[in-house]
Amino acid sequence: MPPWPGAGHPAPPGAGPWGPLATHPPGGPGAPQPTGEEPRQRLHPLSPALHGAKSLVVVIAGLSWSTLSRVGFGWFAVLVAVFVLGATVLSVISWWNTGYHVVGRELRVHEGLLWRRTRAIPLERLQAVEVVRPLLAQLTGLAELRLEVVGGGKTEAPLAYLSVAEASALRHRLLAVAGRAPETAPPAAGTPPAPAPAGRLLHHVRNRDLLVSQLLTPQAFLLPFGVAFVVAQFLSEGSWSFIAVASTLTAMAGVLLQPVRRVLDDWSFRLDRDGDTLRVRNGLLETRVQTVPLHRVQTVGVTWPLLWRMKGWLRLRLEVAGYSGAEPDDRNRPDRLLPVGDAPTGELVVAEVLPGVRLGALPATLPPRRARWLRPLSRTRVGAGLDERVFVARSGLLTRRLTMVPYARIQSVRVTQGPAQRRLRLATVHADTAGGSGAAALDRDLAEAWELAAELTARAHTARRSGPGRPG
């Protein structure tokens, strides 16, 4: 077995997702462009109105009800109107000076009020593109286009707002350029954009299953017991004060917030495949269409929650390079692959994302018996294995988890030891991916850990040399 090199292969150095800042050329987005360069496009004319409507909510929340009680309703309405009018005027000026167009293999966004700048986004670094339709956008027939690029700490250059057809056509064009597919010529002025081609349906989650799955969460399952306990306390003490009731309702709302939000976010979940990309559609109050290139997928994770196992259900999530770790709010991550489904559906979806991988036939070996001193209850649920195409890691006692990492996506391999592991001659092997958590083989025998690290490094080198490693 070749010695472990001791260091992985980090992502190649390069500039961040933004290109260099450039001086905005004279004139606004409608100014004449150099010969051979397509004209800049403006956002939809209703964009300032939607931004102003969002400012209304922020202004009212900022002024608070205490301000209303001090100044009275009339002056309160005047203050709100002044702030909203100012925000709308600024939005109109910003809209007038904002434009975008595709130049070669870059998306250039021109913006700014006092200091105008041009953002150049290299499309080779594009990770995912999503079309988001908040409630106000749905009412007005508009959509917001969000781009995720390698190394971005947040959503880059959100274009808010465009018509739905324009957003879909622009998304398809950007993904075509990013995927090095032949780029179609830009449509002539006044010509409606062609609709994006329909993908192949992989799975459509029934809303009934989604609701039941969230009822089988610890929060929803234990809520009736909590309510019964609180009511018993009130009856025994004979106290039904407003503060006590309001505090109880607030606490219950906080407990139910996560399951309710998941139902709203994953409502009418649909997964399609369009060539080498996945397309996810979901949402009730805020609809989303997320498009993820398959060759950007770093890991695929499977979760079996405790209460779901009685129905044979599982959840699938994926990790996209430069995306999952950057967004603190998981609502903005393109990691939904299957919010709830049975084992055959999970097998089908995994086979589409990782061709040749069978979810029910993945190898995994247990840590040595002495690892029970560190994991007395969960040792038999921890394991790791080398499939022909992916590295597999299992963990979890109540909620069981499995992570699959294609060898071509491994950026570095690490062997770590804690104080207790050193006494027991154990070690953990980490397979790191680009900007993500990767997977870890927990509490392996020390000699086995070094052999596993060497094998992972060799397989990662071989997978990267054999080609770009695009699934499908």
Side-chain angles (χ1 to χ4, degrees), residues 17 107 121 123 125-135 137-138 142-150 152 154-162 164-179 195-205 210 261-301 315-341 349-350 352-353 435-436 471-472:
L107 173 66
I121 305 174
L123 296 180
R125 303 176 67 86
L126 192 64
Q127 299 291 342
V129 183
E130 61 177 322
V131 177
V132 182
R133 301 191 66 196
L135 184 58
Q138 294 182 51
L142 301 181
E144 177 181 349
L145 195 69
R146 297 180 183 176
L147 282 70
E148 305 297 331
V149 296
V150 175
K154 58 181 181 179
T155 300
E156 309 290 2
L159 298 177
Y161 293 88
L162 306 169
V164 175
E166 186 178 2
S168 299
L170 180 58
R171 178 193 62 191
H172 180 68
R173 183 182 179 192
L174 295 180
L175 288 172
V177 177
R200 174 169 55 91
L201 174 64
L202 298 182
H203 186 63
H204 187 284
V205 176
L210 183 63
R261 194 177 72 174
R262 283 182 175 173
V263 170
L264 296 177
D265 289 346
D266 293 331
W267 193 261
S268 298
F269 185 94
R270 175 188 172 111
L271 179 66
D272 296 276
R273 177 164 180 174
D274 183 6
D276 287 339
T277 62
L278 290 177
R279 184 180 301 145
V280 178
R281 306 171 190 266
N282 60 297
L284 180 60
L285 298 182
E286 180 178 273
T287 61
R288 291 170 177 261
V289 180
Q290 297 174 324
T291 303
V292 181
L294 280 171
H295 66 277
R296 299 294 191 184
V297 174
Q298 304 296 298
T299 67
V300 175
R315 178 191 300 127
L316 294 178
R317 289 184 178 272
L318 53 80
E319 185 179 271
V320 181
Y323 198 136
S324 294
E327 293 285 355
D329 184 0
D330 63 359
R331 299 177 67 190
N332 293 329
R333 301 176 187 175
D335 61 354
R336 289 170 173 81
L337 192 56
L338 182 66
V340 59
V349 174
V350 168
E352 288 285 345
V353 180

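Counting from 1, the numbers follow the sequence of the chain as shown. Quick caveat, the model's predicted, so the values are computed rather than measured. These values consider heavy atoms only, across backbone and side chains, with no hydrogens, waters or symmetry-generated copies.
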Results of salt bridge (Lys or Arg N to Asp or Glu O under 4.0 Å) for Asp266 - residues two or more places apart only: Arg336
Test side-chain contact (heavy atoms from CB on, under 4.5 Å) on Leu316 and Val353; report intermediate values, then the result. CA-CA 11 Å; Leu316 294 178; Val353 180; over 6 Å; no
Please find the pair of heavy atoms, one from [X] and one from [Y], that lie closest to each other, and give the distance.
| X | Y | value |
| --- | --- | --- |
| Trp267 | Leu210 | N-CD2, 3.7 Å |
| Ser268 | His204 | O-NE2, 4.2 Å |
| Leu145 | Ala167 | CD1-O, 3.8 Å |
| Leu123 | Ala178 | O-CB, 3.1 Å |
| Gln298 | Arg296 | NE2-O, 3.1 Å |
| Arg315 | Pro339 | CG-O, 3.6 Å |

Where do Val131 and Val164 land on the side-chain contact (heavy atoms from CB on, under 4.5 Å) test, with the steps shown first? CA-CA 8 Å; Val131 177; Val164 175; 5.7 Å; no
Return the set of residues passing side chain to side chain contact (heavy atoms under 4.5 Å, CB included) with Leu264 (not counting sequence neighbours), or none when no residue passes. Val260, Leu284, Leu285
[X] side, atom [atom1]; [Y] side, atom [atom2] - distance, nearest 0.5 Å:
| X | Y | atom1 | atom2 | answer |
| --- | --- | --- | --- | --- |
| Leu170 | Leu147 | CG | CG | 7.5 Å |
| Glu352 | Leu278 | CD | CG | 8.5 Å |
| Leu201 | Arg273 | CG | CZ | 13.5 Å |
| Thr287 | Asn282 | OG1 | CG | 8.5 Å |
| Leu107 | Leu159 | CG | CG | 6.5 Å |
| Leu175 | Asp276 | CG | CG | 11.0 Å |

Is there a side-chain contact (heavy atoms from CB on, under 4.5 Å) between Val205 and Val340? Walk through the geometry before answering. CA-CA 7 Å; Val205 176; Val340 59; 3.7 Å; yes
Single hit among Arg200, Arg279, Arg171 for salt bridge (Lys or Arg N to Asp or Glu O under 4.0 Å) with Asp274: Arg279
Mind running side-chain contact (heavy atoms from CB on, under 4.5 Å) on Glu286 and Glu144 for me, showing each step along the way? CA-CA 11 Å; Glu286 180 178 273; Glu144 177 181 349; over 6 Å; no
Worked check of salt bridge (Lys or Arg N to Asp or Glu O under 4.0 Å) between Glu319 and Arg317: CA-CA 7 Å; Glu319 185 179 271; Arg317 289 184 178 272; over 6 Å; no
Taking the side chain from Gln138 and the backbone from Arg133, do they hold a donor-acceptor pair closer than 3.5 Å? yes
